[in-house]
Every structure is written in structure tokens, then in C-alpha cells.
Amino acid sequence: MNKNFSGLFTALITPFNNDKSIDYISLEKLITEQVEANIDGIVILGTTGESPVIDENESDAIIELVVKIAKDKIKIIVGTGSNNTSQSIKKSIKAQELGADAILSVNPYYNKPPQEGMYQHFSQIADSVDIPIILYNIKGRAAVNLETHTLIRLSEHKNIIGVKEASGDLTQIMDVINNAPKDFIILSGDDSLTLPLMSLGGHGVVSVISNIFPREMKNIVWQCFTNNFEAARQIHYRLLKFMNALLSVSSNPIPVKTILAYMEKIKEEFRLPLHALDNQKKKEIIQIYQECNNG
């Protein structure tokens with residue numbers, strides 16, 4: 001099993017047309033831009049990709065398009081997690097059949113399972129496929145934390161190769177880095193924590209901001225890999241305000257899609273329950289982007 005899943009992975013948005021159908025033309029352009037930016041991989045059908053509002057046929061079509069454009073050029077990771085274990089297994093098997101290199105499996109949300117339930121959930125998903133699995137720990141959205149002792153147990157499964165750590169808790173992240181197997185991949189789930197996580201021994205990031213600044217985020221990751229933390233720090237602080245704004249002005253992926261629409265790369269369209277920013281917040285995020293882009 002190929003465990004080379006370190007580096008920069010863009011959590012790709014899903015563009016929509018004015019009638020709310022998927023804009024496959026814009027999606028193809030976005031994928032091509034990411035490949036040309038020399039990122040290490042792409043994550044589709046995750047939080048940033050608005051996966052809860054994408055139906056099964058659309059998911060298959062998105063995976064097929066990404067595989068057609070990017071297979072063997074960059075790693076293709078497909079979000080297949082849910083709070084229904086059997087549904088997650090079904091989606092994971094389908095992603096493997098369609099050519100995904102790995103799957104991303106989020107904490108079961110809303111039903112707040114105990115740690116043993118989470119262990120069994122992820123273990124059964126891992127038993128169902130032959131491609132690598134990256135766990136996704138995000139307490140803020142799932143309302144439950146994947147505790148370090150549970151994660152270490154899961155790391156013993158041959159198919160579970162890493163975690164996207166979006167708890168926002170550096171103490172927990174350090175605990176994971178310190179106790180996980182040395183070849184276990186630990187990716188930041190927060191752009192602003194990429195530099196500190198990698199300085200502590202992490203392996204990269206699943207990034208929202210790289211939808212807009214892929215080369216800059218690739219540079220941060222590369223400088224960290226080469227222990228040039230001063231160079232990484234300079235880029236980090238240039239982008240920091242915008243990194244934070246993408247998560248604070250409104251729920252992800254509303255701000256990042258707003259800027260991509262401002263850049264005329266996609267239409268400013270969302271599927272409910274997500275909704276466009278009001279004019280004041282739109283001006284705010286655009287101003288922060290402009291300051292960052294000119295910095």
C-alpha cells in the first residue's frame with residue numbers, strides 16, 4: 001500500500017451553475033489549475049466540497065472527472081464519511097472502484113458515538129476497502145472528538161494510514177505526533193496551524209486557502225519539509241489574516257467560494273442550507289483577500 005500522503009492537499013470546492021446544477025466546466029478548470037500548481041493531492045467531496053448536498057450520481061460523476069484529469073499526476077482523496085457506518089462503507093467501496101487513491105473518513109456526526117463505537121465504525125470501513133484511509137477528526141462539526149488512545153488503536157489497522165487533525169487543539173496534536181507510529185501521516189485540518197503542526201513533526205495540510213493560493217501553500221509545506229521555517233513563517237504571516245477570515249466570516253466553504261466567484265473562476269452559487277454572504281460580509285472578505293494578494 002502506498003503511504004506517500006504527505007504534503008499539500010487542496011480541499012476542493014464544488015462549483016454550481018445558476019440553476020444549482022454542478023458546473024463541471026468550471027470544476028475541470030479548477031482541477032487543472034491545482035495540478036499545474038504542483039500540489040501533492042486533492043480532496044473532493046469533503047466539507048469544502050459541500051458533500052452533504054451532493055447526491056450519489058453527482059458524487060460518482062465528480063470522482064470520475066477528477067480521476068480522468070488528475071490520476072497518476074496527484075493523489076486523489078475522496079470524502080466518504082457519514083454518521084451511518086453502512087453508508088460510509090458503500091461510498092468508500094464505490095470511490096475505490098472509480099479510481100480514488102485514498103478515502104477521507106470524518107468522525108460520525110450528530111449521533112455522538114462513544115469511543116468504542118467510533119473505533120468499530122472506522123475499523124469496519126477500513127476492512128471494506130484496499131486503499132488507504134485517512135481519518136478526519138473535527139470535533140467542531142462532529143460534536144465528538146477522536147481521542148488519542150482511540151486513534152492509536154486505529155493506526156494499527158493496515159489500511160488506516162493517517163489523520164486530518166482539525167481539533168484545533170495543539171496539545172492533542174502533539175500527543176498524537178508523539179505516540180502514533182512513525183510512518184503514520186498527520187495532516188493539519190486548519191490552514192493557520194500548518195506551520196506549527198509541521199514544526200512539531202506533522203506531515204502537511206488539507207487546505208482550504210489553496211483553492212486560491214495553491215503555490216503559496218505548497219511553498220509553506222516545502223519550506224517546512226526542508227527545515228527552512230523562517231521562509232515558511234514569512235508566507236504564513238502574509239496569509240494568516242485571510243486564512244482566519246475564510247473560517248470566521250461565515251461557514252466554510254461560503255467565504256472561499258465567494259472569493260473564487262470574485263476572481264471569476266466560478267459562479268457565486270450554493271445549495272441550501274448554505275447561502276451567499278450579505279453585502280457587508282462580502283466586502284469584508286474581498287478586502288482581506290485584496291490585502292493578502294497585494295502583500
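Side-chain atoms are counted along with the backbone in the values below, which use heavy atoms only and exclude waters and symmetry mates.
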Closest heavy-atom pair and its distance - [X], [Y]:
{"X": "Asn145", "Y": "Ser167", "result": "OD1-CB, 4.2 Å"}
{"X": "Pro108", "Y": "Phe122", "result": "CD-CZ, 4.1 Å"}
{"X": "Ile254", "Y": "His275", "result": "CD1-O, 3.3 Å"}
{"X": "Asn159", "Y": "Ala126", "result": "ND2-O, 2.8 Å"}
{"X": "Thr194", "Y": "Ser188", "result": "N-OG, 3.8 Å"}
{"X": "Lys164", "Y": "Gly189", "result": "CE-CA, 3.6 Å"}

N-O pairing of [X] and [Y] below 4.0 Å:
{"X": "Lys68", "Y": "Glu28", "value": "no"}
{"X": "Lys29", "Y": "Glu36", "value": "no"}
{"X": "Lys75", "Y": "Asp40", "value": "no"}

Filter on salt bridge (charged side-chain N to carboxylate O under 4.0 Å, His left out), then keep only pairs touching [range], sequence neighbours left out; what's left?
{"range": "residues 4-13", "result": "none"}
{"range": "residues 186-205", "result": "none"}
{"range": "residues 268-280", "result": "Lys20-Glu269, Glu58-Arg271, Glu268-Lys282"}

Under 3.5 Å side-chain donor-acceptor pair for Asn84 and Ser86
yes
Shared hydrophobic cluster for [X] and [Y] (ILVMFWY, side-chain gaps under 4.5 Å):
{"X": "Val249", "Y": "Ile259", "answer": "yes"}
{"X": "Met243", "Y": "Leu247", "answer": "no"}
{"X": "Ile103", "Y": "Tyr119", "answer": "yes"}
{"X": "Met174", "Y": "Phe229", "answer": "no"}
{"X": "Leu195", "Y": "Leu200", "answer": "no"}

Pairwise distance [atom1]([X]) to [atom2]([Y]) - rounded to 0.5 angstrom:
{"X": "Ile77", "Y": "Asp101", "atom1": "CD1", "atom2": "CG", "answer": "8.0 Å"}
{"X": "Asn38", "Y": "Ile74", "atom1": "CG", "atom2": "CD1", "answer": "9.5 Å"}
{"X": "Ile186", "Y": "Leu135", "atom1": "CD1", "atom2": "CG", "answer": "11.0 Å"}
{"X": "Ile131", "Y": "Gln96", "atom1": "CD1", "atom2": "CD", "answer": "5.0 Å"}
{"X": "Leu170", "Y": "Asp175", "atom1": "CG", "atom2": "CG", "answer": "12.0 Å"}
{"X": "Ser92", "Y": "Gln124", "atom1": "OG", "atom2": "CD", "answer": "12.0 Å"}

Student check: side-chain heavy atoms of [X] and [Y] closer than 4.5 Å:
{"X": "Ser26", "Y": "Lys265", "answer": "no"}
{"X": "Phe225", "Y": "Met198", "answer": "yes"}
{"X": "Ile134", "Y": "Pro132", "answer": "no"}
{"X": "Asp127", "Y": "His157", "answer": "yes"}
{"X": "Thr47", "Y": "Asn252", "answer": "yes"}
{"X": "Glu97", "Y": "Lys94", "answer": "yes"}
{"X": "Val163", "Y": "Leu187", "answer": "no"}
{"X": "Ile54", "Y": "Ile62", "answer": "yes"}

Check for me whether Lys257 meets the cation-pi criterion with Phe270, that is, NZ or CZ under 6.0 Å from the six-membered ring centre and within 45 degrees of the ring axis.
yes
Are Gln115 and Thr150 close enough, and set up right, to give a side chain to side chain donor-acceptor pair (under 3.5 Å), and what steps lead you there?
CA-CA 7 Å; Gln115 292 298 304; Thr150 306; 2.6 Å; yes
[atom1] of [X]: more than 12 outside heavy atoms within 6.0 angstrom?
{"X": "Lys71", "atom1": "NZ", "answer": "yes"}
{"X": "Glu230", "atom1": "CD", "answer": "yes"}
{"X": "Glu264", "atom1": "CD", "answer": "no"}
{"X": "Lys139", "atom1": "NZ", "answer": "no"}
{"X": "Tyr110", "atom1": "OH", "answer": "no"}
{"X": "Tyr237", "atom1": "OH", "answer": "no"}

Stepwise, does the side chain to side chain donor-acceptor pair (under 3.5 Å) test hold for Glu116 with Gln120?
CA-CA 6 Å; Glu116 184 60 27; Gln120 296 294 338; 2.9 Å; yes
Between Asn107 and Tyr136, does a side-chain contact (heavy atoms from CB on, under 4.5 Å) hold up when you go through it step by step?
CA-CA 6 Å; Asn107 293 356; Tyr136 180 11; 5.8 Å; no
I'd like to know if the side chain of Lys218 reaches the main chain of Leu8, judged simply by a donor and an acceptor atom lying under 3.5 Å from each other, with no hydrogens or angles considered.
no
From the list Glu216, Gln223, Arg215, side-chain hydrogen bond (donor to acceptor under 3.5 Å, both in side chains) with Asn219 holds only for Gln223
Ring-plane angle category for Phe242 and Phe213, please: parallel below 30°, perpendicular beyond 60°, tilted otherwise.
perpendicular
Intermediate values then yes/no, side chain to side chain donor-acceptor pair (under 3.5 Å), Ser207 and Thr10
CA-CA 5 Å; Ser207 172; Thr10 296; 5.8 Å; no
Decide yes or no on side chain to side chain donor-acceptor pair (under 3.5 Å) for Asn244 and Ser248, but give the supporting numbers first.
CA-CA 6 Å; Asn244 292 333; Ser248 63; over 6 Å; no
